[in-house]
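Have a look at the structure below, then the notes.
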Amino acid sequence: MGTPAGWYDDGGGLIDERHSRRSLSPWKVALIAGTVIVLLAGAFVVTHKTARHWTAVDVPEHPETFHSEDYATGKRIVTDDGVSPCAEGQDWSECTDKMIAEYEAQCLDRDLLAEASTGLCSAYLTEIHRMQEVGEEGAKVGVVGNFGHLQSTPEYGTRTVSNNDHRPAVTHQATCYLEFLGECGAPAAADEAPESPSPAPSPSSPNPAPKGDTNIDVETSGSVPINPASDEEVAGVIHEAVAVVSEFWRVHFDELFPSDGPYTAPYVGGMYTAAQSPSICEGPPDANNAFFCPKDDSLWFGADLLRQFYSVSDIDVYLIVGHEWGHAIRDRIADDTEARELQADCLAAVALYGAAKDGTLAWEDGYTEDLSYALTDLADATPWGSSRDHGDALDRVGAFEQGRDGLEGCMSDF
């Protein structure tokens, strides 16, 4: 009898050939499964290794904008109309009282503008004292003098004010896998933003600008700013620095220099460009400079200098404003210290650290280091040797340090 179809005899009995072909041994199943897993893992790794990542911008950043506005500086301009408040035949004491009333109304306890107004008020007061000395009871006015009615008007300046309209960009992290999965409408490879952008230059960068020869006060040679800023932005920081330094000296000058008061603030001319000749003290316009002009008691700040140092740290702008204000303070106390530039550095420290103690200047981490780098960059190549020298880096940093704890360190030789 023959073997049934689909069966065969391997010597141990009949085996179903069809059943034998459908069965896989466990090790073969494991091998196949392992191969599939390895292939899937490899595909996963390749997919993520070749993926492109970038920051996609949904809504662009809206930069802060500024506008200019007129504002009252707080100073008064006093003029004389030339028409005497007195009349011929008037009682002498009555005429004197009218002169006193004019003076008290327009000059007394006023923050007057520069020499023109202060000089007029001083001359008016001198005339009052003369009239009080020579007047006799019952005397009459024979001929009226040259002094008239006084009029005072507020001084107005122009400042740059933020519109407070800065809005940061709205972004999200985008990814493209294998050039067809995910957000693959991304920019070309050359335009992709790196996954971790390079950090911006640190405010404590040790080389904000190359050293330059000094002129009237502080000066540096021109270079491309690290973080370029608009003139409006720089002007805004100058305004903030002026407000802080001015407030410190307004509050503390009379207590620090009781015999030199009352304090009057210098005129702040603001920022100027190379195309302008800002002051009667300045020669050829140089926007890489900042200076105090004693002839008209004014402060001026070159756009190139301030823009360059602001690009490193805003406290550098405060330093330059404080230094020039220091010259104005020296002018008010008639100090004859020969190292006038170093003393101005010291007085800048008095104002800045003093403002921080008063709470009008928020002292940020890194400011001290930024100031040291700025003083180094603004220094001369050689040590201090004459009244017009600013001193080398050690001189300038040391002078600034002397003012850190108060005025006493600034009133000695450097």
Side-chain angles (χ1 to χ4, degrees), residues 111 214 216-218 240-266 268 290-292 294 297 299 313-380 382-414:
D111 189 2
T214 57
I216 295 179
D217 265 332
V218 291
E240 294 168 3
V242 165
V244 167
V245 176
S246 178
E247 177 65 9
F248 174 83
W249 289 116
R250 185 191 70 80
V251 171
H252 296 286
F253 180 90
D254 290 348
E255 71 180 62
L256 294 175
F257 304 103
S259 62
D260 296 294
Y263 172 70
T264 58
V268 180
F291 62 93
F292 165 68
D297 195 34
L299 300 171
S313 175
D314 57 349
I315 196 63
D316 292 354
V317 176
Y318 285 71
L319 169 64
I320 294 171
V321 170
H323 175 96
E324 300 310 329
W325 216 288
H327 284 294
I329 298 300
R330 291 186 76 257
D331 191 63
R332 280 152 175 73
I333 64 176
D335 191 278
D336 59 357
T337 301
E338 192 172 3
R340 61 191 187 191
E341 298 295 343
L342 295 179
Q343 189 177 47
D345 285 338
C346 189
L347 292 170
V350 171
L352 296 187
Y353 284 108
K357 290 178 182 178
D358 291 346
T360 57
L361 172 60
W363 200 266
E364 299 181 6
D365 292 341
Y367 270 1
T368 301
E369 187 178 10
D370 291 343
L371 288 168
S372 295
Y373 286 134
L375 287 164
T376 299
D377 199 73
L378 290 165
D380 296 341
T382 57
W384 182 87
S386 69
S387 61
R388 291 186 63 83
D389 289 350
H390 289 80
D392 63 14
L394 291 177
D395 291 331
R396 299 204 70 169
V397 173
F400 190 82
E401 186 66 21
Q402 284 183 229
R404 183 170 185 171
D405 297 322
L407 178 68
E408 292 77 10
C410 302
M411 306 314 292
S412 60
D413 292 334
F414 291 88

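Below, each value reflects all heavy atoms present in this structure, side chains not excepted, and no hydrogens, waters or symmetry copies.
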For the pair D358 and H252, evaluate side-chain contact (heavy atoms from CB on, under 4.5 Å) and give the outcome as yes or no after the intermediate values.
CA-CA 10 Å; D358 291 346; H252 296 286; 2.7 Å; yes
C410 and Q343 have their tightest heavy-atom pair at O-NE2, 2.9 Å
Could you tell me whether a side-chain N or O of T360 sits under 3.5 Å from a main-chain N or O of A355, the two making a donor and an acceptor?
yes
Going by heavy atoms in the side chains, are L407 and F257 under 4.5 Å from each other?
yes
Value for CG (L375) from CG (D395), rounded to nearest 0.5 Å, stands at 11.0 Å
Is there a donor-acceptor contact under 3.5 Å linking the side chains of H327 and E341?
yes
Flag side-chain contact, heavy atom, 4.5 Å: F292 against D297:
yes
If you look at every heavy atom in V397 and S372, which pair is closest and at what distance?
CG2-O, 4.0 Å
Sequence neighbours excluded, which residues qualify as salt bridge (Lys or Arg N to Asp or Glu O under 4.0 Å) partners of E247?
R250
In Å and rounded to the nearest 0.5 Å, what is the CD1 to OH distance from I315 to Y373?
16.0 Å
Over all heavy atoms of both residues, which pair between G406 and V350 is shortest? Give the atoms and the distance, please.
O-CG2, 3.6 Å
Qualifying residues under side chain to side chain contact (heavy atoms under 4.5 Å, CB included), relative to L394, sequence neighbours excluded
D392
Just jot down the side-chain hydrogen bond (donor to acceptor under 3.5 Å, both in side chains) partners of E240, sequence neighbours excluded, or say none.
none
Salt bridge (charged side-chain N to carboxylate O under 4.0 Å, His left out): which pairs involve residues 397-410, sequence neighbours left out?
E401-R404
Are the side chain of R396 and the backbone of L378 linked by a donor-acceptor contact shorter than 3.5 Å?
yes
Applying salt bridge (Lys or Arg N to Asp or Glu O under 4.0 Å), can you list everything that pairs with D260, at least two apart in sequence or on another chain?
none
Is there a side-chain contact (heavy atoms from CB on, under 4.5 Å) between V245 and L352? Walk through the geometry before answering.
CA-CA 7 Å; V245 176; L352 296 187; 4.2 Å; yes
Taking the side chain as every heavy atom from C-beta outward, state whether F248 and L361 have any pair of such atoms under 4.5 Å apart.
no
In short, G326 meets L347 closest at the heavy-atom pair O-CD1, 3.4 Å
Kindly give the heavy-atom pair with the smallest separation between H323 and A348, and that separation in Å.
N-CB, 3.5 Å
Hey, can you tell me if W249 and F253 have their rings parallel, tilted or perpendicular (30° and 60° cut-offs)?
perpendicular
For V268, give me all partners under side chain to side chain contact (heavy atoms under 4.5 Å, CB included), at least two apart in sequence or on another chain.
V242, L299, F301, W325
Closest approach of D254 to G261 (non-hydrogen atoms, all atoms of both residues)
OD1-CA, 3.6 Å
Between D111 and Y263, a side-chain donor and acceptor under 3.5 Å:
no
Checking T264 against R332 for the side-chain contact (heavy atoms from CB on, under 4.5 Å) test, could you report, in this order, the C-alpha distance in whole Å, the side-chain angles of both residues, the deciding distance, and whether it holds?
CA-CA 9 Å; T264 58; R332 280 152 175 73; 4.0 Å; yes
The reported gap from CG in L371 to OH in Y318 (rounded to nearest 0.5 angstrom) is 12.0 Å
